[in-house]
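Reckoned from all heavy atoms, side chains included, excluding hydrogens, waters and symmetry mates. Note that the coordinates shown come from a computational prediction; the quantities given were computed from them, not determined experimentally.
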Amino acid sequence: MDELGVVKLAEIALFGNVFSYHKSMIIMTWIVMAILVLMAIITRKKINLIPSRIQSLFELIIEFLDDITVSTLGKKDGRKFLPLICAVFMFILLSNWISILPNIFRFFGAVIAAGANMFGSELVTFTSWATLEVDPSAWYSFLIKFPNIEEPTKFLATDLGLSIMILIIAHTYGIRQNGIGNYLKGYMGDVWPTTGFWKFIFFLNPFLYMNILGEISNTVSHAFRLFGNIFGGGMIVVIVSSLIHSVIVPVGLLAFFGLFAGIVQAFVFTMLTVTYIAQQKA
């Protein structure tokens, strides 16, 4: 609890300057990507005409996202963007869920320790009605002391990086669909002339700056929506776990903020991604 909210940054010196970075965020991001690649390789090698449970789960996710992208972008563009949409959804979902593992280990460790105490084990002692101490020599002590795992999406840098990536992809798509001229005209507003002399004083058009500000706001809100929900949910679980740890694990909060909120936020971010891309098509 004393270190709650403390951000531990590592430093690296490059070209005479010192840069700070969050080591945990980088490590966990690469771990999530490695897990996704490994899952893809294993699933790809075991594709059968009669799908297994894992294959059926992936097919269900892909079909669900395919329906969304095709209905929003059309069949041609929807299928083109489907791999991106699936990758974004799976990355965010796994990033949101990966922090659940320590709580699961601690829960089972606490259950085993409480059972051992009931059967007279001297390696487990209760310091209060909701707190127990486990001797390090007990084989299950590592479960209770399992280290925390931080979600990559709990860091604003990850969420903002994803949002900026979507911004670049969406506007690149808009330019390719409409041409650079029509794309730029979209920022002028319907009441501002875009022919003749008026095109040379485009910088006086207030709609230009309002539209640019709107795009920036969409990108920032896209990132902060995911960041706020994951960070806030994680803080609630950490605080409650610290207050009633070892025996009483906040299973309800873990299920809501970890599983339910994790999949909801992944779905919301993915839906907004499809919506932002579709807005550039018109």
Side-chain angles (χ1 to χ4, degrees), residues 21-48 51-70 72-73 78-105 146-170 172-173 219 222-223 225-227 229-231 233-234 237 254-255 257-277:
Y21 65 95
H22 204 294
K23 186 185 297 184
S24 175
M25 178 194 70
I26 296 176
I27 293 175
M28 292 311 304
T29 300
W30 279 100
I31 289 176
V32 169
M33 291 190 295
I35 293 174
L36 289 175
V37 171
L38 183 61
M39 290 171 58
I41 294 174
I42 294 175
T43 305
R44 178 66 180 85
K45 289 183 177 180
K46 294 185 177 181
I47 292 180
N48 299 311
S52 61
R53 292 182 180 179
I54 296 179
Q55 182 179 336
S56 297
L57 176 61
F58 279 103
E59 288 181 358
L60 181 64
I61 294 173
I62 293 174
E63 289 176 4
F64 174 71
L65 296 176
D66 180 68
D67 290 340
I68 293 175
T69 53
V70 169
T72 306
L73 299 173
R79 293 289 168 78
K80 183 189 301 182
F81 281 102
L82 181 61
L84 169 68
I85 300 303
C86 291
V88 169
F89 178 80
M90 293 301 298
F91 174 79
I92 296 176
L93 181 62
L94 184 56
S95 297
N96 293 345
W97 279 1
I98 198 167
S99 65
I100 299 175
L101 290 177
N103 289 300
I104 294 176
F105 284 121
F146 198 89
N148 287 322
I149 295 178
E150 297 182 291
E151 313 96 311
T153 47
K154 194 179 76 173
F155 301 96
L156 182 58
T158 300
D159 305 328
L160 194 58
L162 286 171
S163 298
I164 293 175
M165 179 191 72
I166 299 303
L167 173 72
I168 295 173
I169 292 174
T172 302
Y173 171 70
T219 302
H222 199 189
R225 183 180 289 105
L226 177 61
F227 166 73
N229 284 280
I230 300 304
F231 180 82
V237 173
L254 177 62
F257 289 109
L259 295 175
F260 180 71
I263 193 171
V264 168
Q265 294 308 315
F267 173 74
V268 170
F269 192 96
T270 305
M271 282 296 298
L272 289 174
T273 297
V274 176
T275 302
Y276 291 156
I277 294 174

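- Here CG of N96 is found 13.0 Å from CZ of F260. Values are rounded to the nearest 0.5 Å.
- Within the 4.5 Å cutoff, the side chain of V32 has no heavy atoms near those of the E151 side chain.
- By the side-chain contact (heavy atoms from CB on, under 4.5 Å) test, T275 is found to be paired with Q279, residues two or more places apart in sequence or in another chain being considered.
- Legend: residues meeting side-chain hydrogen bond (donor to acceptor under 3.5 Å, both in side chains) with S95, ordered by chain and number and at least two apart, are absent.
- Of all the heavy atoms in D159 and T153, the pair that sits closest is OD2-O, 2.8 Å.
- Among residues two or more places apart in sequence or in another chain, the side-chain contact (heavy atoms from CB on, under 4.5 Å) test is passed with T43 by I54, F58.
- With sequence neighbours excluded, no residue forms a side-chain hydrogen bond (donor to acceptor under 3.5 Å, both in side chains) with Y276.
- Nearest approach of M39 to M90, heavy atoms of both residues: CE-CE, 4.5 Å.
- Considering all non-hydrogen atoms of both residues, H222 and F269 come closest at NE2-O, 3.2 Å.
- Under the rule for a side-chain contact (heavy atoms from CB on, under 4.5 Å), the partners of M165 that lie at least two apart in sequence or sit in another chain are L84, V88, L162, I169.
- Take F267 and apply the side-chain contact (heavy atoms from CB on, under 4.5 Å) test, not counting sequence neighbours, and it matches F64, I68, F89, M271.
- For the salt bridge (charged side-chain N to carboxylate O under 4.0 Å, His left out) test, residues two or more places apart in sequence or in another chain that qualify with R79 are D66.
- Taking F81 as the reference, Y173 meet the ring pair (Phe, Tyr, Trp, His ring centres under 6.0 Å) condition, with sequence neighbours excluded.
- A heavy-atom distance below 4.5 Å is not found between the side chains of P152 and I31.
- Residues I164 and T219 share a closest heavy-atom pair of N-CG2, 4.0 Å.
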